[in-house]
J.: 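Below you'll find the structure I mean.
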Amino acid sequence: MNITPNTHHASPLARIAPPITLLLAAMLWTVLVLISLWTQREQLNRMAIELARIDAIANLKKDMAIRKWASEVGGIFINEAKAPNVDNYSEQERLQAQRLTGENFTLISLTSIHILMGIQEVSNKEYGSKERLTSLQLHNPANAPDQWETQALKTLQQGSQVVADAMPQKKGHGLMRVMIPMRMEEECLECHRETLVPVGGLRGGAGVSIDLNTYWNAQEPAWRAIQYWHIGIWLVGFATLFAYWLFLRRRAAEHAHQDIERRENEAILQQHKIRLEASEARLRELAGFLQSVREEERTRIARELHDELGQALTALRIDLGWLRGKCGVAGGPESAAAERVASALGVVEHSIVSLRRISEDLRPAMLDSLGLAAAIEHHVTQFSQRTDLPCQLWMNREEFDLPGDIATAVFRIVQEALTNIARHATATAASVTIEASEREIRLAVSDDGCGFDATVPKKTFGLLGMHERVALLGGHLDIDSVPGQGTRITGSLPLPQDVSP
């Protein structure tokens, strides 16, 4: 059997099982891991910059603290021979001193600014940082500010306490440049009075430049650990995606196999259904044929009984009547023979009545001669007389011009329903309703008898026969019954469009 896959009803798993789905998921996972790695890198860069800024500010504040201390103690004296740039200190105070050994030497006074510059010089040589003092009102042209320092001094003039910027370079990670303000003090006026900066005003700034590579190199172990972690996470995620994809692929294959089996089974339920419907159709055709043959046979038997046997009994009744007249009066010598003739005449009369009833049950002559309405009315009247059960009849036509098979079916349903009422219902009243329209003829037979449970299948050939009669003609039959509440049988039969009821 060739089963074509139904793509419109494919399992959702079949759409995520192809390898392209795994590839797309792996690409998405890779992008997410790379974004996370880039985010961590940027965070480390920001951390390195922040640490450099903190260190730079701390160095400058340490220098300012030393300068403040030196200013508070009024400067310090050191051995002139150890003072750098002696020429710059020509105006400084000098003292002659003598060691306990009797050696004479000269002490020179250094101001706070001299001490600060000496500390910055040592720091620049020993630690690679670049600290210096600058101002917009220069006393020493060698301390002229560069472009960044000029902008930083202007920012400090506006009230800022710290100016810090990371300066990128083409090679390496650049410099961290920081500047803090230097305020005019009393001792500074001796050399910087011409600048006209008041005490407490901004005289200049102390700046420092720190290489960011040092801080980046310090974070290399953390950066490598982050890289290893992300590689591990990427591998674990990819392995998980691959395992899950294999699982989905297996499930999709199972679903596809089950779907094929289901469609094959559906094709086999379908074939069985077709065969069953064909068998039912043939059985229905057979039942219809048997029903037709049965009706024809009953009609033939009823006609023969009426014509042959009925005529014979009628002739016999006439002869017995003549014979009874010839036997004389009662009490005479022929009285015994007359009584026997009278008895035989009674048997013949009873046989004629029975023959008429049997003939009517087999096939009422009125149905063929006078039509459905007359046959129904006669049958209902005979039913009431035989059973002493009131039966109300209502029809919306005085006559129904119907095809023979439909008229026969309606009559037989009414006949079978009334027979069941007489046998099983123990009813006190019954009713029959027949109503025809342009498209169908409807009938209803009801009683107020004991009823039965209509939900329980009943193996009665009478009800089955009524269902089959209606089904053969394309109609439907409903039986509504509740124990103790009577029974109502309703049915409808479609009429050919070229037939008016």
Side-chain angles (χ1 to χ4, degrees), residues 276-299 361-364 366-368 371-373 375-377 379-380 383 391 393-397 399-425 430-447 449 451-482 486-501:
L276 181 61
E277 290 176 351
S279 299
E280 290 180 351
R282 287 194 295 271
L283 289 175
R284 189 148 294 172
E285 290 176 359
L286 178 60
F289 174 74
L290 293 177
Q291 195 73 254
S292 177
V293 171
R294 181 184 178 190
E295 287 296 333
E296 292 177 359
E297 187 66 17
R298 293 177 70 167
T299 301
D361 289 341
L362 287 173
R363 178 73 178 183
M366 286 187 178
L367 186 61
D368 297 323
L372 176 64
I376 291 291
E377 184 176 1
H379 186 77
V380 169
F383 168 80
C391 183
L393 173 63
W394 182 86
M395 295 182 290
N396 70 336
R397 297 283 190 275
E399 184 49 61
F400 301 95
D401 187 10
L402 302 175
D405 53 350
I406 296 179
T408 300
V410 173
F411 179 83
R412 292 303 185 191
I413 292 171
V414 173
Q415 183 184 42
E416 182 64 30
L418 292 179
T419 301
N420 289 338
I421 292 174
R423 292 178 178 176
H424 311 293
S431 66
V432 176
T433 301
I434 300 177
E435 182 179 6
S437 65
E438 294 181 357
R439 295 184 174 273
E440 64 180 0
I441 182 168
R442 296 183 296 272
L443 62 95
V445 181
S446 61
D447 66 79
F452 61 92
D453 188 356
T455 61
V456 178
K458 297 177 69 66
K459 297 181 179 179
T460 57
F461 292 103
L463 297 178
L464 181 61
M466 286 191 286
H467 277 288
E468 286 301 319
R469 282 184 181 275
V470 173
L472 285 172
L473 297 174
H476 70 273
L477 186 75
D478 295 324
I479 299 177
D480 184 16
S481 182
V482 177
T487 302
R488 180 176 177 84
I489 298 175
T490 58
S492 65
L493 294 171
L495 297 176
Q497 295 304 305
D498 57 346
V499 176
S500 58

J.: First locate atom CG of Leu495, then atom CZ of Phe400, and finally report the distance between them rounded to the nearest 0.5 Å.
T.: 10.5 Å
J.: Taking atom CD1 of Ile441 and atom CG of Asn396, what is their separation to the nearest 0.5 Å?
T.: 8.0 Å
J.: Report yes if some heavy atom in the side chain of Leu418 is under 4.5 Å from a heavy atom in the side chain of Val432; otherwise report no.
T.: yes
J.: Looking at CD1 of Ile413 and CG of Leu477, how far apart are the two atoms once the value is rounded to the nearest 0.5 Å?
T.: 6.0 Å
J.: Return the minimal non-hydrogen interatomic distance between Ser446 and Ile421, and the atom names on each side.
T.: O-CD1, 4.2 Å
J.: Show the numbers, then the answer: is there a side-chain contact (heavy atoms from CB on, under 4.5 Å) between His467 and Ile479?
T.: CA-CA 10 Å; His467 277 288; Ile479 299 177; 3.7 Å; yes
J.: How many angstroms lie between atom CG of Asn420 and atom CD1 of Ile489, to the nearest 0.5 angstrom?
T.: 6.5 Å
J.: Closest heavy-atom contact between Arg442 and Ser437?
T.: NH1-OG, 3.9 Å
J.: Give the intermediate values and the outcome of side-chain contact (heavy atoms from CB on, under 4.5 Å) for residues Arg412 and Gln415.
T.: CA-CA 5 Å; Arg412 292 303 185 191; Gln415 183 184 42; 2.7 Å; yes
J.: Which residue, Thr433, Leu443, Val445, Asp478, forms the side chain to side chain contact (heavy atoms under 4.5 Å, CB included) with Thr490?
T.: Asp478
J.: Can any side-chain N or O of Ser481 pair as donor or acceptor with the backbone N or O of Arg488 at less than 3.5 Å?
T.: no
J.: Between Ala407 and Leu372, which heavy-atom pair has the shortest distance, and what is it?
T.: O-CD1, 3.6 Å
J.: When you look at CD of Glu377, are more than 12 heavy atoms from neighbouring residues, nucleotides or ligands closer to it than 6.0 Å?
T.: no
J.: CG/Leu473 to OG/Ser492 distance, rounded to the nearest 0.5 angstrom?
T.: 11.0 Å
J.: Test side-chain contact (heavy atoms from CB on, under 4.5 Å) on Trp394 and Glu435; report intermediate values, then the result.
T.: CA-CA 8 Å; Trp394 182 86; Glu435 182 179 6; 4.2 Å; yes
J.: How many angstroms lie between CG in Asp447 and NE2 in His424, if you round to the nearest 0.5 Å?
T.: 11.5 Å
J.: Below 4.5 Å, heavy atoms only, C-beta onward: do Arg439 and Pro494 meet side chain to side chain?
T.: no
